[in-house]
Protein chains: 2
Amino acid sequence: MVEAKPGKKSDRVTIREVAEDAGVSVAAVSKVLREAYGVSESLRNKVRASMDKLNYRPLASARGMRGQTYTLGLILPDIRNPFFADILAGVNSALERTQYQLMMGTSHSHGPAEEAMIEAMIDRQMDGIILIGTTKYVDRLGHLARQKPLVAIGHHAKSNTDFDTVNNDDQLGARLVVKHLLANGFRNIAMLSLATTTSTILAERELGYRREMIEQGVGENINIVRSPQTLREVQIAARRLLGGPDRPEALFCWTDFIALEVISVATELGLSIPGDLAIVGYDNTMYCDFAQNALTSVDQSGELLGLQSARLLIERVRGRGEAEHFVVTPRVVARNSSKRRAV
Amino acid sequence: MVEAKPGKKSDRVTIREVAEDAGVSVAAVSKVLREAYGVSESLRNKVRASMDKLNYRPLASARGMRGQTYTLGLILPDIRNPFFADILAGVNSALERTQYQLMMGTSHSHGPAEEAMIEAMIDRQMDGIILIGTTKYVDRLGHLARQKPLVAIGHHAKSNTDFDTVNNDDQLGARLVVKHLLANGFRNIAMLSLATTTSTILAERELGYRREMIEQGVGENINIVRSPQTLREVQIAARRLLGGPDRPEALFCWTDFIALEVISVATELGLSIPGDLAIVGYDNTMYCDFAQNALTSVDQSGELLGLQSARLLIERVRGRGEAEHFVVTPRVVARNSSKRRAV
DNA sequence: CTGAAAGCGCTTACAG
DNA sequence: CTGAAAGCGCTTACAG
C-alpha cells in the first residue's frame with residue numbers, strides 16, 4: 001500500500017514517468033521538450049502523446065540547474081506609475097507565443113532594494129532581465145550584464161557594449177514640448193524634473209529643454225525644479241512654484257503621473273488650466289485622456305518599447321553578443337491642458 | 001591553466017566552496033543556511049564568516065529541488081488598477097525582514113492567462129501564492145490549494161478550509177455608500193458593477209447595495225449596470241446611463257479606476273459633479289485625492305490587506321493547516337464628488 | 001554536534 | 001537517431 005506523502009508535490013509528473021509511458025529514455029524526452037535536433041518524427045510523436053496524456057509540465061528550477069528556466073525577469077521601479085502598464089503590455093505580447101514566462105519585481109526607491117531585486121532574480125535563475133528606469137545601480141550594470149542577458153528600458157548608454165537599451169529620444173521629446181508650448185503662445189516655461197543624479201533619461205530631457213529654450217530665444221526663462229517622486233514632495237515643490245509671484249506660464253513635467261499631481265495642486269490654488277497655467281506631461285498614459293485631466297503629453301510608445309525589449313532580450317538569451325540600442329521617435333499629443341489662451 | 005568557460009555563471013560561489021573554505025562539510029553549511037537545529041556556535045560562526053568572505057548567495061532553484069525556494073508569487077489581474085499598488089506596498093512591508101522574495105505575475109483578463117500564470121508559478125516552485133481578485137479559476141482553487149499554500153485577496157470563501165482569504169466587508173462597504181449618499185440628499189442611486197459571473201466581491205457589493213436601497217425605502221431606484229473593465233466598454237456604458245433622460249442622481253462605481261472614467265464621461269457630457277451627478281468609487285486610491293477628481297470612495301485598507309495576506313501565506317508555508325479568513329471593516333472617505341447639493 | 005551519501009528533476013556531453 | 005551516466009547546487013534522512 002503506497003501512502004501519498006503529505007508533501008505538496010506528490011502528484012507531480014516527472015520526465016521519467018513520461019519516458020516510461022512512451023517507452024523511451026529520459027534523454028529522449030528532454031530532447032523533445034527542448035525541441036533539440038536529432039529526434040525522429042515517430043519518437044517525437046510518442047513523447048508528445050505521453051506528455052499530453054500525463055499532463056506533464058517541466059519543473060523550471062530543475063531545468064535551470066543545467067540549462068534555462070524559461071523565465072524572464074522585469075524590474076519596475078514604481079508600480080504606481082501607469083506608464084509601466086503600457087510597457088508591460090508590450091512585453092506580454094512579445095512573449096505570447098514563446099515558451100518564456102515573465103516574473104516581475106518592484107524595487108522600492110527607498111533602500112537598496114533595486115540591487116537586492118536584481119540579485120534575487122539572478123539567484124532565481126532568470127534567463128534574462130529587463131530593467132526599467134535604472135537609477136542607482138548604473139555603474140554595476142556592465143558587470144551584471146556580463147553574467148546575465150540584460151536589456152535596459154529608459155536608460156541611455158549607446159556606447160555600452162554589454163547590454164541592449166530601449167528608449168525614446170528623450171532630448172527630442174523635451175524639445176518638442178518646448179516647441180509646442182511656444183507655438184501656443186507660452187514663453188515662460190518651467191520644467192519639473194526628478195531629483196536624481198543617475199537617471200540618463202532625465203538628463204536628456206533637461207538637456208533638450210535647455211537647448212530648445214535657448215535656441216528659441218527664451219533662455220532667460222529656463223527654470224528646472226527637481227523633486228523626489230513622493231506625493232508629498234511633489235506637492236510641496238508645485239505649491240512653491242505655482243503659489244509664488246513669478247509663476248511660470250507653462251510647466252513641463254517629466255512624467256504624467258507627476259503632472260496629474262500638479263494639476264491637482266493648481267486646481268486647489270484656484271488656477272485654471274490652461275488659462276492660468278499650461279501643463280504638459282510625458283508618456284501619454286491613459287489618464288491623459290480623461291476629460292478632468294485633458295493632459296497634453298509626449299507619447300513614447302510604451303507598448304512598443306516593451307515589445308522591443310522582450311524581443312531583444314530573447315535574442316540575447318539565444319546567444320547574440322553585440323549590443324543593440326533601439327530608439328523610438330516621440331511625438332506630442334496635444335490636449336486641452338496646453339491650449340492657446342483666448343486673447 | 002584553468003580557463004573560465006564562457007558560461008554565464010562561472011563566477012558563482014557554491015555551497016561546496018563555502019564548506020571547503022570553512023573547513024566543514026557541505027551539510028553543515030546547508031544547516032547554517034537554513035538556520036536548522038543542531039549546529040554549534042563555533043561552526044556557525046566559521047560558516048558565516050566564509051559565506052561573507054566569499055560573498056555566497058544560495059541558488060534558489062537548487063534549494064527548491066528538495067526544500068523551499070523562498071519565493072512567493074503574487075498574481076495581479078490588472079496592473080493598471082492603482083489599488084494593487086496599495087496591496088503590494090503591504091505585501092512588501094510584511095516581507096521586509098524575512099528571507100522571502102516576491103515575484104509578481106499578471107493575468108490578462110482576455111484568454112486563459114490566469115490559469116497559465118498559476119501553473120507557471122507552480123512550475124517555478126513558488127513556496128506559496130497570493131491571488132488577487134480571483135475570477136475564472138475559482139472552482140479549481142481548492143484543488144490548487146491542496147498542493148500549494150494559497151491566500152486569496154478579494155475573494156469571499158469563508159466556508160472554505162483549504163486556503164486563507166483576506167477581504168474587506170464588501171457588503172457593508174456598499175451599504176455605507178448608499179447610506180452616505182442618502183444622507184447627502186441623493187435618492188436615485190445607480191450602481192456600475194463589473195460584468196462577471198464569478199467575482200464574489202462584486203456579488204457582495206451588489207447585494208449590499210440592493211439590500212440597503214430596499215431597507216432605506218428607495219428600492220424602486222435600484223439599477224445595476226454591468227460592464228467589462230475595458231476603457232471603451234466603460235465609456236459606452238457610462239454614456240448610455242448618463243446621456244439618457246432618466247439619469248440617476250448618483251452613481252456608485254465598483255472601483256476608483258472605473259469611477260475616474262465615469263467622471264471623464266460626465267465631464268465630457270457637460271455634467272457638473274456633484275451638481276448634476278454624485279459619484280462614489282471604491283478602494284480610496286491615491287487618485288481620489290487629486291483635486292480634479294475629488295472622488296468619494298470606500299477605504300478598504302489595501303495596504304493592510306496586503307500585509308495580512310503575506311503574513312498568512314508565510315504561516316501556511318511554515319505548516320499551518322487550518323484556514324483563516326481575515327476581514328477588515330471598510331469606511332467611506334467623503335470628498336467633493338458626493339457633496340450635498342446647494343438647495 | 002558533524003558529515004558522507006543519496007536524491008530532487010532536469011540537461012549535457014558522450015557512446016553506440 | 002537513441003540512451004546510459006554524470007552532474008547542476010542544494011537538502012534530507014541517516015550514521016557516527
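Every chain is numbered from 1 and lettered A, B, ... according to where its sequence line falls, protein lines coming before strand lines.
Evaluated for a side chain to side chain contact (heavy atoms under 4.5 Å, CB included) with B:Ile75, the options B:Ile130, B:Thr106, B:Ile129 yield exactly one hit, B:Ile129. The side chain to side chain contact (heavy atoms under 4.5 Å, CB included) test with A:Asn167 is passed by exactly one of A:Leu305, A:Ile201, A:Val328, A:Thr200: A:Ile201. Each of A:Gln101, A:Arg34, A:Met126 was scored for a side chain to side chain contact (heavy atoms under 4.5 Å, CB included) with A:Tyr70, with one residue passing: A:Arg34.
Atoms CG (B:Leu43) and P (C:dG3) sit 6 Å apart, rounded to a whole Å. Rounded to whole angstrom, the span from the CD atom of B:Glu41 across to the C1' atom of C:dT2 amounts to 16 Å. Between the C1' atom of D:dC10 and the CD1 atom of B:Ile15 lies a distance of 6 Å, rounded to the nearest Å. The separation between A:Arg57 atom CZ and C:dG9 atom P is 14 Å, rounded to whole Å. What separates CG of A:Leu59 from P of D:dG9 is a distance of 17 Å, to the nearest Å. The interatomic distance linking B:Lys46 (NZ) with C:dG3 (P) rounds to 7 Å, in whole Å. Regarding B:Arg16, its CZ atom lies at a distance of 11 Å from the P atom of D:dC10, rounded to whole Å. To the nearest angstrom, P of D:dA4 lies 12 Å from CD of A:Glu20.
A:Thr69 places a side-chain N or O within 3.5 Å of a backbone atom of A:Gln125 that can act as its donor or acceptor partner. One N or O on the side chain of B:Asp164 and one on the backbone of B:Glu324 form a donor-acceptor pair closer than 3.5 Å.
With a 3.5 Å ceiling on both atom-pair distances, C:dA4 lacks any Watson-Crick or G-U wobble partner. With a cut-off of 3.5 Å on both Watson-Crick or G-U wobble distances, the partner of C:dA13 is given as none.
For the segment residues 24-31 of chain B, residues with any heavy atom less than 4.0 angstrom from an atom of DNA chain C are, sorted by number, B:Val24, B:Ser25, B:Ala27, B:Ala28, B:Lys31.
For B:Ser40, a side-chain nitrogen or oxygen approaches OP1 or OP2 of C:dT2 to under 4.0 Å. Considering only side-chain N and O atoms, B:Tyr70 lies nowhere under 4.0 angstrom from the phosphate OP1 or OP2 of D:dC10. For A:Arg34 and C:dT12, the shortest distance from a side-chain N or O to OP1 or OP2 is below 4.0 Å.
Looking at the side chain of B:Arg66, the nearest of the listed nucleotides D:dC8, C:dT12, C:dC8 is C:dC8. Picking from D:dG9, D:dT11, D:dT2 the nucleotide with the shortest atom distance to the side chain of B:Met65 gives D:dG9.
No engagement by A:Tyr37 is indicated, since no non-hydrogen atom pair under 4.0 Å with the nucleic acid exists.
Residues B:Glu17 and B:Tyr56 have side chains that never bring a donor and an acceptor to within less than 3.5 angstrom of each other. A donor-acceptor pair shorter than 3.5 Å cannot be found between the side chains of B:His155 and B:Thr165.
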